[in-house]
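Take a look at the structure set out below.
We're numbering straight along the sequence, starting at 1.
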Amino acid sequence: MVLMRRRRHEEGIGGSGPRGEAFALPELDWSSWTLQADEEWVRLTDGGSLPDQGWKIHCSSEQSAAQAVLDTVSRFCHERSATFKYVPTVGRLAWRNSKQAPAEAAAKFITLYPRPEQLEEWLVELHQQIGDVAAPSILGDLRWRGGPLHVRYGGFRLRKVLGSDGRLVPAILGPESRLVPDVRGTAFHPPAWVELPSFLVVQRDESRAADPEGLADYDFESAIAMTAAGGTYRAVRRVDGVRVIIKEARPFIGVASGEATARLSHESRILEQLIDVEGAVTKVASFTAGGHAFLVLRAVEGDTLNRVLYSQNPLISADSSVAERVAYRDRVLALMRRVSRIVHRLHAQGLVHGDLHPGNVIVGGGDRPVIIDFEAASDSRDVISEAAVIGVHGYAAPATIRGAKRDEYALAAMTLNAFVPLSFLHDLDPGLLGVHLAAAREAFRLDDGLCASLHAALDVWHARSIENADDLDPGPADSNRAARPYEIDDLTLRVRECLSACIDGSAASAEAVRPAGAVWLMHADGAPWLDEISALQATGGLSRDERLLLMSSAGRLKSSAARPSLTFGLPGGLASHVELLAGQKSPGVEALVSRLRDSLAETDDFGLRDGLAGIGLSLLAHEVRSSSPSTVGAVDEISRRLSNEVVSGDTWLPGLLDGLAGIAVFHVAYARERGCAASLAQARALLVQALGRCASTPDGRLEVRDGSRTLPTLADGSAGLGLAILLYLAEVDDSELERALPGIERACSAELVIHAGLFDGRAGMMLFLVELARSGRGSAEISQIVLRHAQRLLWSAVRTPEGITFPARDLERTSTGLAHGAAGVLIGLDAASRLLRGGDALASLPDYLSLCAGGR
């Protein structure tokens, strides 16, 4: 069989048209080759084995030359039966050649895996065949002779190890045969124990000796940001000690509506027109070095508007006084008046900034603002196409709004977001603008004139026709009254309706045959609606026929839909849940259990989301519910591995899904079922270590530290840690751990929460608070706090003809998923409703932990 040149198509990651066109292999005999493909890479192997790691060759390319480069490289590899991989589509390469690509992926088009003795020969021959064609440089690699070829030392197959930040990272074998992180930085730094071949030493030294041009005039101190398009650095000018910010643009890398070097040159020209405009950042110099463009700006002392101001919003606290809110309001309005004056000075110069948002305003001492980042600025008289209009979601007006009005929209959005930062949702549901303005008016005593002007500036999204929308009433902002569970029930019903309608609609589009009245479980593309079904079932939203259909569907799921963990597909809460629902055995569930057992040896992760702790909980639940001894050995092996390998929590994340709290949950469950006191002791040790990674705020909140920020959320923050502590306290009293709960309750009691979802938003905090109340360890106000959360979910409720749904994690679209969308919100609402009803409703709270890590 001959693998002929593949037909070019218009499908793929890059979208339709030429950008989604697939690259093609030359017409050679590929019959003995194995091809593996996914959305990131096409990998071809002609038998033989590779080392686990070594020097590999990367090749970059512009999109226009990419097919020719691939033809050359693939012929080269075919002649040598050499394993290689390449990016599958023009669109995906365009993404890798853009600012959006992460540094570790940027500009990589083709990868080759030579043996050590082949490296120099391959570099020389490939360079002769390809030549010095213009191509982007690859961060962290050593460029070979100025062409598209690059070299770095790294892994040939994916292995993982725990990194210094507590997350799993790619690994290579280091000294003493231990796995160490495969560091993928932005500069060429091979591992210290790897000897650099002599020909690479020559190339490195030649690269270092190249004329630095203007760079020699500055001492670089630190990097502020690094992207595929270039870096932003703090530096000092040597001649006079002036502190500066240096922006870099790399050639052949795309940014919004242009190429990085061209956009930086454009900004340089704009700033020359603003040299006398007070409040605009000042240009110092511009130059090129090594083909990269550089713009030098006078450093502005201070921090971004969102860090200086937005982070001080009183609604972030568990409670705040009217005086605190009024003082904050007055500061916001005074500062925004100063920002507005600067913008109007720009307009008087005939310029539009075009990309105003809080990250582009630096606030110095005395709340003096300076506006930065003029890459998108334009002459107000210029006619700009819709495709060239850029901006940050939530602060950018629709593309149909042009000129100075775009800046006016951004100023209004920045003002409203200082109070209720949810303008990100107005394009999803324009009706939310009124909800957010009403909330800001009530909380911060805004006057009617200000609210009217903000409404006039922001009411530019085309309203959609939404049936039955008028009955969605956000209700009074004041929650200091008796709990009214029926309000929550109304919202819950609308969310259930939306989930059911979406599933039914998918069934119709797939032309599926299903029993009358039953909810179909498959997306049109064949992927199961596991998140939505789990949420509907847990909250009492499935009939008996639908439950039976769910069980029968379990046996015909694609293997790719079920990952070996607690969190994705059936292996987690749903696998055991199916049997619990129907009260009978399922061959599909048994097959998945077998697959989970078989996956243990290849699992690098130990966490609850994707690792051993999640697999162990799934198998343990199956063992208990089915009275099956088939998983006993596997569960015991997981317990041994977690006990031996998770010795110290110093480098582990503290959270529930990927860290110490989740591993502690497994130990608690194992101790409960096996009567193992040692497992309880291990759980306690991990929880204590996790608490050591938390920070207390002056108002008593206890939140997980994550770099410069703190998190109260379920997946990674203190809400998830609190759930793990409650599970432990259900087995044994512990005053030290119990003392942490009031601080976590306060952390989960904030009125202002940006996200609505289960993993990183309001619903997850609600779930912890309800479990805390059920344990009897909550405050006297906990029911009112949960009610307020439920009411505030209306700040994020997006109306659709099918019912109510909620934003995804990026806030740019809606989601019905469990992790960040409507299914997860439904779980939080159901828990809140049970709490407010009390009695048997609270006592019979479902086991939500088996669903908490469910899906997308």
Side-chain angles (χ1 to χ4, degrees), residues 14 19 21 23-26 40-44 55-80 82-99 101-114 118-154 184 186-188 197 199-200 202-204 206-208 210 228-230 248-254 259-261 288-293:
R19 290 175 63 84
E21 186 178 357
F23 291 115
L25 292 171
E40 291 294 339
W41 294 105
V42 176
R43 181 185 178 99
L44 289 104
W55 292 101
K56 49 188 172 182
I57 300 173
H58 289 131
C59 184
S60 61
S61 178
E62 290 187 272
Q63 288 90 275
S64 61
Q67 183 62 63
V69 171
L70 177 60
D71 284 347
T72 300
V73 175
S74 57
R75 289 180 184 278
F76 177 92
C77 293
H78 188 276
E79 292 172 2
R80 294 159 179 78
T83 296
F84 70 104
K85 66 180 181 180
Y86 65 92
V87 174
T89 66
V90 176
R92 204 57 184 163
L93 179 60
W95 174 80
R96 285 176 173 266
N97 287 353
S98 75
K99 184 177 181 178
E104 63 271 15
K108 294 176 182 176
F109 175 38
I110 307 173
T111 304
L112 295 82
Y113 303 91
Q118 298 171 320
L119 179 61
E120 183 177 15
E121 174 192 341
W122 286 19
L123 286 168
V124 171
E125 291 192 23
L126 274 172
H127 180 258
Q128 290 174 347
Q129 294 183 30
I130 299 174
D132 289 327
V133 297
S137 59
I138 297 176
L139 297 173
D141 283 24
L142 176 64
R143 193 163 199 160
W144 181 255
R145 299 183 181 175
L149 301 178
H150 300 71
V151 185
R152 77 175 292 270
Y153 189 93
R184 304 179 181 186
T186 56
F188 180 66
F199 60 93
L200 292 185
V202 173
Q203 181 65 64
R204 181 199 61 189
E206 289 178 354
S207 298
R208 290 177 176 175
E248 171 198 23
R250 300 171 59 221
F252 312 113
I253 297 295
E259 191 262 346
T261 54
T288 60
H292 294 206

Shortest non-hydrogen separation from A228 to S98 and the atoms involved:
CB-O, 3.2 Å
A side-chain contact here means heavy atoms from C-beta on lying under 4.5 Å apart; do S207 and F188 qualify?
no
Side-chain (N97) to main-chain (G254) donor-acceptor, under 3.5 angstrom:
no
What are the two closest heavy atoms between R204 and L142, and how far apart are they?
CA-CD1, 3.8 Å
Any side-chain heavy-atom pair from T261 and T288 closer than 4.5 angstrom?
no
Correct closest heavy-atom pair for A24 and L70 would be O-CD2, 3.8 Å
Are P148 and I130 close enough that some pair of their side-chain heavy atoms sits under 4.5 Å apart?
yes
Should E40 and R96 count as an ion pair when the cut-off is N to O under 4.0 Å?
yes
Just wondering, do E125 and R80 contact through their side chains at under 4.5 Å, heavy atoms?
yes
Show me the side-chain donor-acceptor pairs of residues 105-113 shorter than 3.5 Å, one per line, residues at least two apart or across chains.
{"from": "K108", "atom 1": "NZ", "to": "E104", "atom 2": "O", "distance (Å)": "2.8"}

Between atom NZ of K56 and atom OG1 of T83, what is the distance when rounded to the nearest 0.5 Å?
13.0 Å
Could you walk me through whether L119 and F199 pass the side chain to side chain contact (heavy atoms under 4.5 Å, CB included) test, one step at a time?
CA-CA 10 Å; L119 179 61; F199 60 93; 3.8 Å; yes
Not counting sequence neighbours, which residues clear ring pair (Phe, Tyr, Trp, His ring centres under 6.0 Å) with F76? List them please.
W122
Just by distance, do the side chain of Q63 and the backbone of L93 share a donor-acceptor pair under 3.5 Å?
no
I need the L123 CG to I57 CD1 distance, nearest 0.5 Å.
4.0 Å
Yes or no on side chain to side chain contact (heavy atoms under 4.5 Å, CB included) for F23 and V42, after CA distance, side-chain angles and deciding distance?
CA-CA 10 Å; F23 291 115; V42 176; over 6 Å; no
Return the minimal non-hydrogen interatomic distance between R145 and D132, and the atom names on each side.
O-OD1, 3.1 Å
P136 vs S60 side-chain heavy atoms within contact, under 4.5 Å:
yes
Atom OH of Y86 and atom CG of L44: how far apart are they, to the nearest 0.5 Å?
6.0 Å
Would you say the side chain of W144 lies within less than 4.5 Å of the side chain of L126, judging by non-hydrogen atoms?
no
With sequence neighbours excluded, tell me which residues meet ring pair (Phe, Tyr, Trp, His ring centres under 6.0 Å) with H292.
none
Please check: side-chain N/O of H150 versus main-chain N/O of D141, any donor-acceptor pairing under 3.5 Å?
no
